Amino acid sequence: MTWQPEIDELAGRQSRAAELGGTERVERHRDAGKLTVRERLDALIDPGTFRELGSVAGFPTYDGADLTDFTPANFVFGRGTIDGRSVIVAGDDFTVRGGAADASIWKKMTYSEGYARELRIPVVRLVDGSGGGGSVKTYLDWGRTYVPPLPGWRDQMEILAEVPVVAAALGSVAGLGAARVAGSHFSVMVEGTSQVFVAGPPLVAYAAHEEVTKEELGGSHMQTANGTVDNRATSEEDAFFQVRRFLSYLPQSVWEAPPIRPRYDDPLRREEGLLSAIPRDRRLPYDARSIIGMVVDRDSFFEIGRHWGASIITGLADLDGHPVGVTATDPEYLGGVLTADASEKLRRFVDLCDTFHVPLVNLVDQPGFEVGVRAERAATLRRGVAMIAALYQATVPYYSVIIRRVFGVGGAAVVDRAQFANQRVAWPSGDWGSLPLEGGIEAAYRRRLREADDPEALRQDLLGEFADVRSPFRTAEAFDIEEVIDPRDTRPILCEWIGDAYRRLAHDLGPKGRGFRP
């Protein structure tokens, strides 16, 4: 006598669960240009590695002891590997009740992230639904309303301080589902087929008296321009590629160091293009991303948040195979000033790197905080100070390469040697002070300029008087900048430093004193 009958019943139940919401709903889902939840799992995870948990959890109908119907829970999760590294992957099934939480069985969602915390491995959320309480029709089924809960949300916040959490928005995502996207370390959504919003168009029409489409309300161009979602993808496959790429730079948990790859680029490479990368005319912009590409390992830069806070560039890359966070200023956007959004973007990125012990490299060209009425309305100072707080609270190794400007409070914050383990050098193009000379002369000599017969001639004469004083070599003579380097030596110097940085951070692993702030 064996247990084969029960094994056969288990297989039958799993077969029913694999049918998802049924043929009609699955085809409608695919016609919308979307993969099913199980197709998504197959596309993301290494082949043959997915082991599902809760495979027969769902909503049965019985006739006596006989199972007559079965609707699977619309939340599928399990353990698998991505590039050989263990992950917990969880996905909403939109074909069952539109991914609403009242058809998901909350225990599965809360268990999945608690399981990841226990095993200290990353979580990938494939979000395609509301994730909230579902339709008000539920009230009639229950015969009552309820005080809305957030089951497992404490774990979902605390997990951000321990393991990487990635979210891909793969459909119309509202309410708690949208919060699960925003409450992650990295998020991505698909152009055209993904929308993220607090509430969908019907509720918006009622509550805000606005008639909008889902795309107008929360499409990828909206939500990646305001920072709700980090990146946009051209397809679900592209979104999965970005998920894998992001995870490849991070450790499995805060108790490990980031993974070091075998050397694939010459650490002594000296790029001639760096010698002319910064224009001699201080008013001219330049291509900051090309500078990043010449400094880090070839083709290793993965940009995060390109479409918001655009005056700051943030992303992950390799230096001699060692993962690093990279920040730089984009002078082609508002001259590179720190806007409110850019400050928030930099704050969040510093938190990410500090949480997971990823050393930071900052290619500094910082003219300071944005000024003017728009900047004040955006609470630039408040958000800028939050960014400064993140910099001073961080303890991860940090290297500043001053490639052009350092002015004002914003500039000072990113290069201050009094903060954490901050090493720094400057290029000969360095230009610094409390104020840019051009603007400072306008303020200091305002009366003389106003009364001059030829204000422009006087302005040029005054700039000439300061020409020698602003030389970075004068600053180096006072050891106010530790070293001025040939720009072509930037990569070799950073590749030397990164080995020392990783040896140091090996003794500083574990959770930080404060959690990651989404």
Side-chain angles (χ1 to χ4, degrees), residues 1-45 50-80 88-113 115 125-146 148-149 151-152 170-177 180 200 202:
M1 187 68 176
T2 71
W3 291 91
Q4 190 60 47
E6 286 77 9
I7 298 301
D8 293 340
E9 181 179 355
L10 173 63
R13 288 171 178 255
Q14 290 175 330
S15 178
R16 290 193 183 196
E19 295 173 0
L20 307 178
T23 302
E24 181 180 344
R25 290 178 179 175
V26 166
E27 288 308 311
R28 192 184 313 143
H29 185 79
R30 288 177 175 147
D31 288 344
K34 301 196 294 182
L35 300 175
T36 68
V37 63
R38 295 191 181 278
E39 289 168 341
R40 288 165 177 166
L41 293 169
D42 289 342
L44 174 65
I45 298 172
F50 183 63
R51 183 167 297 280
E52 187 174 354
L53 295 171
S55 64
V56 295
F59 305 91
T61 301
Y62 286 96
D63 181 5
D66 297 326
L67 178 67
T68 59
D69 193 20
F70 179 76
T71 300
N74 62 12
F75 184 83
V76 179
F77 87 98
R79 178 203 170 277
I88 293 295
V89 182
D92 297 328
D93 178 10
F94 192 79
T95 69
V96 177
R97 293 276 293 114
D102 60 1
S104 68
I105 302 184
W106 271 109
K107 287 182 180 179
K108 292 187 74 175
M109 185 178 295
T110 57
Y111 184 89
S112 68
E113 306 218 349
Y115 190 70
R125 302 168 178 164
L126 306 180
V127 188
D128 189 1
S130 69
S135 169
V136 295
K137 293 177 181 178
T138 305
Y139 302 163
L140 297 177
D141 295 336
W142 291 2
R144 62 177 176 84
T145 60
Y146 60 92
L170 301 173
S172 296
V173 178
L176 192 54
R180 294 178 70 233

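Nothing here was measured: the structure is a model prediction, and the numbers come from that model. Just so it is clear, the values below take in all heavy atoms, side chains as well, and ignore hydrogens, waters and symmetry mates.
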Going through the checks in order, is the side chain to side chain contact (heavy atoms under 4.5 Å, CB included) test met by Thr61 and Phe70? CA-CA 6 Å; Thr61 301; Phe70 179 76; over 6 Å; no
Answer yes or no: is there an ion pair linking Glu19 with Arg38, defined by an N-O contact shorter than 4.0 Å? no
Between the side chains of Lys34 and Glu39, is the shortest nitrogen-to-carboxylate-oxygen separation below 4.0 Å, so that they form an ion pair? no
What's the verdict on salt bridge (Lys or Arg N to Asp or Glu O under 4.0 Å) for Arg13 and Glu6, showing C-alpha distance, side-chain angles and the deciding distance? CA-CA 10 Å; Arg13 288 171 178 255; Glu6 286 77 9; over 6 Å; no
Arg79 versus Glu52: any side-chain heavy-atom pair under 4.5 Å? no
What are the two closest heavy atoms between [X] and [Y], and how far apart are they?
X      : Y      : value
Val127 : Arg180 : CG2-NH1, 4.1 Å
Phe50  : Ile45  : CD1-CD1, 3.6 Å
Phe59  : Ala73  : CE1-CA, 4.1 Å
Met109 : Ser112 : O-OG, 2.7 Å
Gln14  : Val56  : CG-CG1, 3.7 Å
Phe75  : Lys108 : O-NZ, 2.6 Å

When rounded to the nearest 0.5 angstrom, what is the spacing between [atom1] in [X] and [atom2] in [Y]?
X      : Y      : atom1 : atom2 : value
Asn74  : Asp128 : CG    : CG    : 10.0 Å
Arg16  : Asp69  : CZ    : CG    : 6.5 Å
Tyr111 : Phe77  : OH    : CZ    : 6.5 Å
Thr36  : Leu20  : OG1   : CG    : 5.5 Å

Heavy-atom count around [X] [atom1] within 6.0 Å, excluding the residue itself: above 12?
X     : atom1 : answer
Arg25 : CZ    : no
Glu24 : CD    : no
Arg51 : CZ    : no

Steps toward side chain to side chain contact (heavy atoms under 4.5 Å, CB included) verdict (Val37, Leu126): CA-CA 8 Å; Val37 63; Leu126 306 180; 5.6 Å; no
Main-chain N/O of Thr95 paired with Asp93 side-chain donor or acceptor, under 3.5 Å: yes
Look only at the side chain of His29 and the backbone of Phe94, and say whether a donor-acceptor pair between them is shorter than 3.5 Å. no
